[in-house]
*Asks:* 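Mind looking over this structure? Questions follow.
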Amino acid sequence: MIWSTGLAGLAVGLLIAVVTAPVGVSGAVFLLPVQLSVLGVPSPAVTPTNLLFNVVAGPGALLRYRREGLLRGPLTRRLVAGTLPGVVIGAVIRVFAMPGATVFRLLVAALLIPLGLWLIGRTLRPARPARSAEPSPRAVTGLALVVGVVGGIYGIGGGSVLGPVLVGRGMPVARVAPAALASTFATSVAGAAAFALLSLTSSGDIAPDWYLGLACGLGGLVGGYLGAHLQPRLPETALRLLLGALATVLGALYAAQSLR
């Protein structure tokens, strides 16, 4: 049973990362329902397990983006500076204030459905130039802080939220994706460490499922590299629609699960 679970996690991690890496999403947000509903990972242990997936899978896409010189720049630094402290705060909230899976799923759905639909609408019907100006550096850092808290609670690293918001505000996917994945990796390292420390002082299923997280992460490591390799070959409009569709579908999935 352990081998079959590990192989399933490896395959799921690979497939998810291939699809999500081109738009700056690690894929952990799509791994959550698989862990909760198929693999039976308890809550809140599912959150640090997802963060562990990001830690292992992240270098695959980042290596590819680094070779292409896409990780340098102020956007990456601003996102990391905001999300790092946020994810620690989110981890504490997740353990002590929000352990229930039902509330967890409802909040994910309420966040991602409107975000995905908004991005699809902005892509199909672009706003006028005056309204689509890029956010200021201070606004980017503030957004990253909030998203870091969200990522610490949900175990998603934050790229699935930062990507749609920044792209919807006018930034190109090719610029946002590497920076979002870099911040996801950095915050996932900090978040996984925070959960590991909290598990030493708290009762319950708080520590990550190390075996499953590593298995999924190895699949994501390969899939992320392949997905990042595909990104330059995909048109900007297709990437934006893919990002919006991924967010919308995931939110709908969580809403359906929470109403069962």
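Reckoned from all heavy atoms, side chains included, excluding hydrogens, waters and symmetry mates. Fair warning: this is a prediction, and the values are worked out from it, not measured in the lab.
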*Asks:* Starting from Val249 and following side-chain heavy-atom contacts under 4.5 Å between hydrophobic residues (I, L, V, M, F, W, Y), which residues can be reached?
*Replies:* none
*Asks:* So, for Thr76 and Ala182, which heavy atoms are closest and what is the spacing to 0.1 Å?
*Replies:* CG2-CB, 3.7 Å
*Asks:* Indicate yes or no: at least one non-hydrogen side-chain atom of His229 is less than 4.5 angstrom from one of Pro22.
*Replies:* no
*Asks:* Determine whether a donor-acceptor pair (N or O, by modelled atom type, separation under 3.5 Å) exists between the side chain of Gln231 and the backbone of Ala21.
*Replies:* no
*Asks:* Is any side-chain heavy atom of Leu143 less than 4.5 Å from a side-chain heavy atom of Pro135?
*Replies:* no
*Asks:* Is the side chain of Ser188 donor-acceptor paired with the backbone N or O of Val55 at a distance under 3.5 Å, no angle test?
*Replies:* no
*Asks:* I need the minimum non-hydrogen distance between Thr20 and Leu246, along with the two atoms involved.
*Replies:* CG2-CD1, 3.9 Å
*Asks:* Can you name the closest pair of heavy atoms from Leu145 and Pro85 and give their distance?
*Replies:* CD1-CG, 4.0 Å
*Asks:* Name the residue from Leu14, Leu10, Val18 that meets the side-chain contact (heavy atoms from CB on, under 4.5 Å) definition with Val222.
*Replies:* Leu14
*Asks:* Are Leu218 and Trp210 co-members of a hydrophobic cluster defined by side-chain heavy atoms under 4.5 Å apart?
*Replies:* yes
*Asks:* Could you tell me which residues satisfy side-chain hydrogen bond (donor to acceptor under 3.5 Å, both in side chains) with Arg67, sequence neighbours excluded, listed by chain and number?
*Replies:* Tyr225
*Asks:* Going from CG on Asp209 to OH on Tyr211, what distance comes out if it is rounded to the nearest 0.5 angstrom?
*Replies:* 9.5 Å
*Asks:* Within a strict 4.5 Å, meaning less than it, do heavy atoms of the Thr123 and Leu243 side chains meet?
*Replies:* no
*Asks:* Under a 3.5 Å distance rule, please check whether Thr248 uses its side chain to pair with a backbone N or O of Leu117 as donor and acceptor.
*Replies:* yes
*Asks:* Is there a side chain to side chain contact (heavy atoms under 4.5 Å, CB included) between Leu79 and Thr184? Walk through the geometry before answering.
*Replies:* CA-CA 9 Å; Leu79 294 185; Thr184 293; over 6 Å; no
*Asks:* Would you call Leu71 and Leu62 a side-chain contact if the rule is heavy atoms closer than 4.5 Å?
*Replies:* yes
*Asks:* Looking at CD of Glu236 and CG of Leu241, how far apart are the two atoms once the value is rounded to the nearest 0.5 Å?
*Replies:* 10.0 Å
*Asks:* Do Val56 and Leu31 sit in the same hydrophobic cluster, where Ile, Leu, Val, Met, Phe, Trp and Tyr count as joined when their side-chain heavy atoms come under 4.5 Å apart?
*Replies:* no
*Asks:* Please find the pair of heavy atoms, one from Ala17 and one from Gly220, that lie closest to each other, and give the distance.
*Replies:* CB-O, 3.6 Å
*Asks:* Rounded to the nearest 0.5 Å, how far apart are SG of Cys216 and CD of Gln35?
*Replies:* 5.5 Å
*Asks:* So, taking the atom named CZ in Arg77 and the one named OG1 in Thr141, what distance separates them when rounded to the nearest 0.5 Å?
*Replies:* 11.0 Å
*Asks:* Of all heavy-atom pairs between Ala144 and Thr83, which one has the smallest distance, and what is that distance?
*Replies:* O-CG2, 3.1 Å
*Asks:* Would Leu239 end up clustered with Leu162 when hydrophobic side chains under 4.5 Å apart are linked, directly or stepwise?
*Replies:* yes
*Asks:* Quick check for you: to the nearest 0.5 Å, what is the distance between Phe53 atom CZ and Leu221 atom CG?
*Replies:* 9.5 Å
*Asks:* For the residue pair Leu242 and Val19, establish whether any side-chain heavy-atom pair is separated by less than 4.5 Å.
*Replies:* yes
*Asks:* Please report the closest heavy-atom contact between Val173 and Pro178, naming both atoms and the distance.
*Replies:* O-CD, 4.3 Å
*Asks:* Below 4.5 Å, heavy atoms only, C-beta onward: do Phe185 and Asn54 meet side chain to side chain?
*Replies:* no
*Asks:* Quick check on Arg233: does its CZ atom have over 12 non-hydrogen neighbours (other residues, nucleotides or ligands) under 6.0 Å away?
*Replies:* yes
*Asks:* Within the distance-only criterion (no hydrogens, no angle test), does the side chain of Arg240 pair as donor or acceptor with the backbone N or O of Val167 below 3.5 angstrom?
*Replies:* yes
*Asks:* Does Val23 share a hydrophobic cluster with Trp118, counting links as ILVMFWY side-chain heavy atoms below 4.5 Å and allowing steps through other members?
*Replies:* yes
*Asks:* I need the Arg64 CZ to Leu181 CG distance, nearest 0.5 Å.
*Replies:* 14.0 Å
*Asks:* Please answer: with hydrophobic residues joined when any side-chain heavy atoms are less than 4.5 Å apart, are Val165 and Leu75 in the same cluster?
*Replies:* yes
